[in-house]
Amino acid sequence: MNRDDALAIVNQYVKNPNLIKHMLAVEAAMRFYARKLGEDEEKWAVAGLLHDFDWEIHPTMEEHPAAGEPILREHGVPEEIIRAVQSHANHTGIPRTTTMEKALFACDEITGLITAVALVRPSRALFDLKSEVGKE
Ligand SMILES: [Fe+2]
């Protein structure tokens with residue numbers, strides 16, 4: 001399972017461009033932290049890219065992401081990544097135990113925050129954000 005395989009799954013199940021952008025953002029953040037921590041960048045990136053793949057077909061807390069689990073398995077996604085996808089949602093009750101699982105949860109949250117901050121800027125664009133706190 002590489003990035004191209006994961007992107008094919010995303011393109012099969014997701015049509016909303018904003019949801020795709022969100023998953024690409026989480027992929028990028030996961031890639032950054034894998035590199036920073038000396039972990040498997042491709043594996044972490046795939047987990048980030050796939051984490052919300054079933055949201056459009058399973059748009060309820062009862063279904064997402066649990067009902068997507070067998071779909072990922074059918075596509076040959078490794079169990080380690082499937083578990084990370086399941087554990088990113090608190091309501092599954094699956095504890096986050098590995099560094100990748102904890103990173104996926106954190107990257108999901110931080111990319112959402114960054115997007116929200118960008119949307120309240122006049123330009124509504126990421127390029128308008130400053131990377132240093134307290135400097136405008
Ligand atoms: Fe997400």
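The basis for the numbers below is simple: all heavy atoms, side chains too, and nothing from hydrogens, waters or symmetry mates. All ligand and atom numbering here is 1-based and tracks the order in the structure. Predicted model only: the values in this text are computed from it and were never measured.
- In this structure, His51 contributes its side chain and Gly48 its backbone to a donor-acceptor pair below 3.5 Å.
- The set of protein atoms (N, O or S) found at less than 2.8 Å from the Fe ion (ligand 1) reads His22 NE2, His51 NE2, Asp52 OD2, Asp108 OD1, by chain and number.
- When the options Glu80, Glu39, Arg83 are evaluated for a side-chain contact (heavy atoms from CB on, under 4.5 Å) with Met100, the one that passes is Glu80.
- The backbone N or O of Glu101 lies less than 3.5 Å from no partner atom in the side chain of Arg96, so there is not a single donor-acceptor pair.
- Closest approach of Ile20 to Val14, counting heavy atoms only: CG1-CG1, 3.5 Å.
- Every residue two or more places apart in sequence or in another chain was checked for a ring pair (Phe, Tyr, Trp, His ring centres under 6.0 Å) with Phe105, and none qualifies.
- In this structure a side-chain-to-backbone donor-acceptor pair under 3.5 Å is missing from Asp128 to Ala125.
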